[in-house]
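Note that the structure is a prediction, hence the values are computed from the model and not measured. In what follows, chains carry the letters A, B, and so on, assigned in the order in which the sequence lines appear, proteins first and then strands, with residues in each chain numbered from 1.
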There are 2 protein chains.
Amino acid sequence: MTTATARVLHEQGVERTTIADIARAADVPTGNVYYYFKTKDELIEAALSEHTGNLETLTAQLDRLPDPRERLKALIGGWVDQKDMAARHGCPMGTLAVELDKRYEDGLDLAAGQVIRRLVDWVAEQYRRLGAADPEGLALTLIGAYQGMSLLSNALRDPEIMTREGARLIRELDALDVV
Amino acid sequence: MTTATARVLHEQGVERTTIADIARAADVPTGNVYYYFKTKDELIEAALSEHTGNLETLTAQLDRLPDPRERLKALIGGWVDQKDMAARHGCPMGTLAVELDKRYEDGLDLAAGQVIRRLVDWVAEQYRRLGAADPEGLALTLIGAYQGMSLLSNALRDPEIMTREGARLIRELDALDVV
DNA sequence: GTCTATAGGAAGATAGAC
DNA sequence: GTCTATCTTCCTATAGAC
């Protein structure tokens, strides 16, 4: 149910998703949702946990690659692979961050940012191992480029923006001169 | 009232803004809003017109600068000047695009993208005049960087991301070798 | 044109049968 | 644990007085 919740919240948006939508996606009666989650906020938190888990799984896989540069290139390759999803619904974490920013009354406004922070930290660690100057700045630039290309791809409904920007990011990584 | 509408929709988000909120911001009774706008969708369209108008005004001002490179640097400088707004509420057009993507039932899902398209086209024209190869690609990269840094600045509540990324973008423009 | 009061409907949440 | 029926609240939109 957590997986279905995360998917529906991404596709329809947090505010436009009803409990009935989530119940339908999970194939249970509407009222039943409240047996597992007391409020809609708890459903959002479950989706955030799902995203955090996906991120942990992804970075654990990438960590198996020996070279930090190859890890970053594989990360970018994964983004491009999801280009059709990005063009249709945007980056799951990015769009969630935009929506949750408005829910400061629930105290959820910073929750998505914490997940993004983890990804930035992981990317910064790779740049550090490469011996790059200002690894944190490079990480913010890379994740920023990802968020920007996802948003533009979505707003302009053009998946090829992901392809072209992804290729550019990989070229820049190859050109990055370190140690 | 259109200006107040655009501001409130940006600060609170489209979905979490009620007609009563807009009425309060414009200092009129709630029911009165419907004398000017028949539906909430029309209020959103009014906000989009406001953003389009602001964009026209901005590019008209920038067009008075003689050098296309200086125009782009001034555009970036304007983004950095708005860093506190970006950190608190995100880019007005970008966050609107994310929210409207979910409103395909109203046919508003592509409306924000059309405004962003105008900005991309204007930026591409500046690169073209500079004699750069692939002006369209460079424009998408620049606007993507802006959207990405605004989203990260907002999600991580850090206006300095705007400062640092803005400085990087200006350095890259200075380094851009053309003609 | 401006305002108050309220209708109508949607969605979050709950009660209680099974 | 699972499900149906329903309560409650909130918000869009309208009716109608002034």
Side-chain angles (χ1 to χ4, degrees), chain A residues 1-51 89 92 95-112, chain B residues 1-51 89 95-96 98-112:
Chain A
M1 178 141 143
T2 305
T3 305
T5 298
R7 195 191 72 244
V8 176
L9 287 180
H10 176 219
E11 290 176 0
Q12 306 192 356
V14 171
E15 302 300 336
R16 293 184 76 82
T17 296
T18 68
I19 307 292
D21 289 333
I22 290 171
R24 197 176 318 116
D27 202 37
V28 296
T30 302
N32 205 330
V33 172
Y34 287 96
Y35 180 75
Y36 302 100
F37 302 96
K38 280 192 282 294
T39 63
K40 187 174 179 179
D41 280 4
E42 286 192 11
L43 281 163
I44 297 171
E45 284 166 13
L48 282 162
S49 297
E50 177 84 4
H51 288 303
H89 300 293
T95 56
L96 195 52
V98 170
E99 286 201 273
L100 293 190
D101 170 61
K102 315 302 182 189
R103 295 185 77 105
Y104 60 93
E105 290 157 341
D106 314 297
L108 283 168
D109 53 334
L110 301 174
Chain B
M1 179 141 141
T2 305
T3 304
T5 298
R7 196 190 73 244
V8 176
L9 287 180
H10 175 219
E11 291 176 358
Q12 306 191 356
V14 172
E15 302 300 335
R16 294 185 75 82
T17 297
T18 68
I19 306 293
D21 289 333
I22 290 171
R24 197 176 319 115
D27 202 36
V28 295
T30 302
N32 206 330
V33 173
Y34 288 95
Y35 180 75
Y36 302 99
F37 302 96
K38 280 192 283 293
T39 63
K40 187 174 177 179
D41 280 4
E42 286 192 12
L43 282 162
I44 298 172
E45 284 166 13
L48 282 163
S49 297
E50 177 83 5
H51 288 302
H89 300 294
T95 56
L96 195 53
V98 170
E99 285 201 273
L100 293 190
D101 171 60
K102 316 302 182 190
R103 294 185 78 106
Y104 60 94
E105 290 157 341
D106 313 300
L108 284 169
D109 53 333
L110 301 175

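- Looking at heavy atoms from C-beta onward, A:Glu50 lies out of side-chain contact with A:Arg7 at the 4.5 angstrom threshold.
- Rounded to whole Å, atom C1' of C:dA15 lies 14 Å from atom OH of A:Tyr34.
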Contacts under 3.5 Å, N or O only, protein and nucleotides 3-6 of chain C:
residue: C:dC3; atom: OP2; partner: B:Asn32; partner atom: ND2; Å: 3.1

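- For the pair B:Ile44 and B:Leu9, the tightest heavy-atom approach, listed with the atom from each and the gap, is CA-CD1, 4.1 Å.
- Rounded to 10 degrees, the angle between the two end axes of the helix from C:dG1-D:dC18 to C:dC18-D:dG1 is 10°, with five pairs used at each end.
- A distance of 9.0 Å separates CG in A:Asp21 from OG1 in A:Thr30, rounded to the nearest 0.5 Å.
- One can place CZ of A:Arg16 at 12 Å from P of C:dG12, the figure rounded to the nearest angstrom.
- Nearest heavy atom pair, residue B:Arg16 against residue A:Arg103, reads NH1-NH1, 3.3 Å.
- Nucleic acid contact class of B:Tyr36 (heavy atoms, under 4.0 Å, all strands): sugar-phosphate only.
- Rounding to whole angstrom units, CZ of residue A:Phe37 and P of C:dA13 are separated by 13 Å.
- Contact check of residues 105-112 of chain A against DNA chain C (heavy atom, cut-off under 4.0 Å) returns no residues at all.
- Distance, A:Arg24 CZ to C:dG12 P: 12 Å, rounded to whole Å.
- Distance CD (B:Glu15) to P (C:dA10): 16 Å, rounded to an integer number of Å.
- Atom C1' of nucleotide C:dT14 and atom CD1 of A:Ile19 are separated by 13 Å, given to the nearest angstrom.
- Rounding to whole angstrom units, NZ of residue A:Lys40 and P of D:dC10 are separated by 15 Å.
- Nearest-nucleotide assignment on DNA chain C puts the 5′-proximal partner with A:Thr18, out of A:Lys38 and A:Thr18.
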